Amino acid sequence: MRPGGDFNLEVREALGQNQPTMDLVQREISKETVTPYFIEYFGQAPTHVAAAPGRVNLIGEHTDYNNGFVMPMALDNHCVVAVAPSPVSKHRFCGSLGDQIHEIAVEDALVPGEPFWSNYVRGVLANLHRRGIEIGPVDMLIDSNVPRGGGLSSSAALEVAVCTALAAFAGVRIDPKEVALIGQAVEHEFVNVPCGIMDQFISANGKKGMALKLDCATLEYELVPMNNDSVSVLVLDSAVKHSLADGAYGQRRKQCEEASAIMGVPSLREASLELLESFKEQLGDVRYRRARHVIGENARVAVFADALARGDWDEAGVAMRGSHASLRDDYEVSCAEVDTLVSLCDRIPSASSVYGARMTGGGFGGCIVALVKTEDVDKVAQELLQAYCQETGIETTYLVTSAGEGARVLYQA
């Protein structure tokens, strides 16, 4: 198999033809691994290579588009984008390393089109164009070891890596906050996902060994150390496919906006639990529970960040458990398989080595994230895999990760 061949999963998943998988996440990718294939496909070496990571959100789910607080960390897994001036009059994109090279006229690349995955590139080109940054014909090769479909933001990694590579190619510096906003605009305008800013922001601004507490209203952030060798971040894939473009995401965003309007606040960020209770009858059951999750989740992010700063992993675990219960019961974005994985963290023989666990990502499948004692992390993972398979019949995989570095240029000629 060619390095990067698993990027075909991104294409097939976008077309609804694949279940998510984490089988190949350990494959290393770098400037050195993509350059030979760039030369093979395009007949020249890349002039610029950039990388951007996926992310795991430790806590703060569905708060970002409510102007609230989130606390993600960048993964060590990343997307790498290599570019060079194209000798033909068209853009040439290879998004699956050998599957097919797609040629697109420069002017056509500024609007949505086929194949679907190319919209992540088209959207970046269009947003750069709006900012007066013109990108002439470019050859582009993409590789990624960020797991697809598991809620670890492979799409944000792609958007941010493409933007970082093209900015370097154009000889301009774009502030990381602006890079994140470009990525978000791509999702809204070219992918039809009304996402918040978190995924792109951590991909653009992450720092190695640090989690990032982000105020989504102001885009101010605080770096919190996440480099204690005695604690590991364990991510397990439920192997259940999810999609944020199927309406459920937008429906919940609309419910939150309606709740804010009824309570007379700009967003749920400005609402308190006391205010919520006073409007319980007017809100109705569903909007009340949606708002209760967001308000409570903002409070849990603050508790979690403080616990990490003090090294109180037990308290951090309590906040994670509370987050999952709220996502399951109030926001209703979990599913039976994910709930099973989370509950198993308290039922396996090595449960005492798990500080806390919760679903992570948009929901309806995807991954869970757990804080685990490093000395027992592989044992915990194997017990979870075995128990999960026994209860659901699903075989899956896991990833032990640490806080990685945000977007960066790896090479420029």
Side-chain angles (χ1 to χ4, degrees), residues 55 57-73 151 153 156 159-160 175-189 191-206 211-224 244 248-280 282-283 286-306 319 322-323 326-327 330-333 358-363:
R55 67 97 183 97
N57 192 27
L58 299 172
I59 197 165
E61 217 68 71
H62 290 279
T63 49
D64 57 348
Y65 54 82
N66 286 292
N67 286 340
F69 295 89
V70 293
M71 196 161 179
M73 74 174 204
S153 296
E159 294 150 4
V160 172
D175 184 86
K177 289 184 180 181
E178 189 68 16
V179 172
L181 290 168
I182 289 172
Q184 184 188 31
V186 172
E187 295 279 354
H188 290 185
E189 300 165 10
V191 190
N192 197 31
V193 174
C195 67
I197 191 66
M198 173 181 65
D199 295 355
Q200 294 80 12
F201 197 93
I202 182 64
S203 185
N205 292 275
L212 187 150
K213 181 187 175 187
L214 173 65
D215 181 337
C216 296
T218 65
L219 298 188
E220 294 179 357
Y221 65 92
E222 171 190 355
L223 294 171
V224 180
L244 297 185
Y249 189 112
Q251 180 190 52
R252 277 156 181 74
R253 183 167 186 159
K254 183 173 182 287
Q255 289 163 345
C256 290
E257 291 168 350
E258 291 171 347
S260 299
I262 290 169
M263 290 189 288
V265 291
S267 71
L268 292 178
R269 159 69 173 274
E270 289 80 20
S272 65
L273 287 175
E274 292 75 19
L275 180 66
L276 177 67
E277 291 300 324
S278 71
F279 279 91
K280 185 173 183 179
Q282 291 111 300
L283 288 167
V286 173
R287 284 187 294 244
Y288 169 78
R289 288 187 293 110
R290 301 295 189 255
R292 182 169 64 180
H293 163 71
V294 174
I295 297 167
E297 189 79 345
N298 281 328
R300 284 185 288 269
V301 171
V303 169
F304 185 89
D306 181 65
S323 174
S326 181
L327 288 160
D330 279 351
Y331 222 66
E332 297 180 291
V333 289
R358 60 182 288 275
M359 61 157 275
T360 186

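Predicted model only: the values in this text are computed from it and were never measured.
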For the residue pair Asn298 and Phe69, what are the closest heavy atoms and their distance? OD1-N, 2.9 Å

Please confirm whether the backbone N or O of Asp330 pairs with a side-chain atom of Arg292, one donor and one acceptor, at under 3.5 Å? no

Audit row: Arg290, Glu258, salt bridge (Lys or Arg N to Asp or Glu O under 4.0 Å) steps and yes/no: CA-CA 10 Å; Arg290 301 295 189 255; Glu258 291 171 347; over 6 Å; no

Distance alone, cut at 3.5 Å: any donor-acceptor contact between the side chains of Arg300 and Ser323? no

In short, Ala180 meets Gln200 closest at the heavy-atom pair O-CB, 3.4 Å

Give the minimum heavy-atom separation between Arg252 and Glu332, together with the two atoms involved. NH2-O, 3.0 Å

What are the two closest non-hydrogen atoms of Tyr288 and Leu283, and how far apart are they? N-CB, 4.0 Å

In a check of side-chain contact (heavy atoms from CB on, under 4.5 Å) between Gln184 and each of Asp199, Val179, Ile197, which one passes? Ile197

Quick one: do Glu257 and Lys254 make a salt bridge, cutoff under 4.0 Å? no

For a 4.5 angstrom cut-off between non-hydrogen side-chain atoms, does Leu268 reach Met263? yes

Mind running side-chain contact (heavy atoms from CB on, under 4.5 Å) on Tyr249 and Cys195 for me, showing each step along the way? CA-CA 8 Å; Tyr249 189 112; Cys195 67; 3.6 Å; yes

To check you understand the geometry: which heavy-atom pair defines the closest contact between His188 and Val193, and what is its length? CD2-O, 3.2 Å

Which pair of heavy atoms, one from Gly361 and one from Met359, lies closest together, and at what distance? O-CE, 3.3 Å

Taken to the nearest 0.5 Å, the spacing of Arg55 CZ from Phe201 CZ works out to 14.0 Å

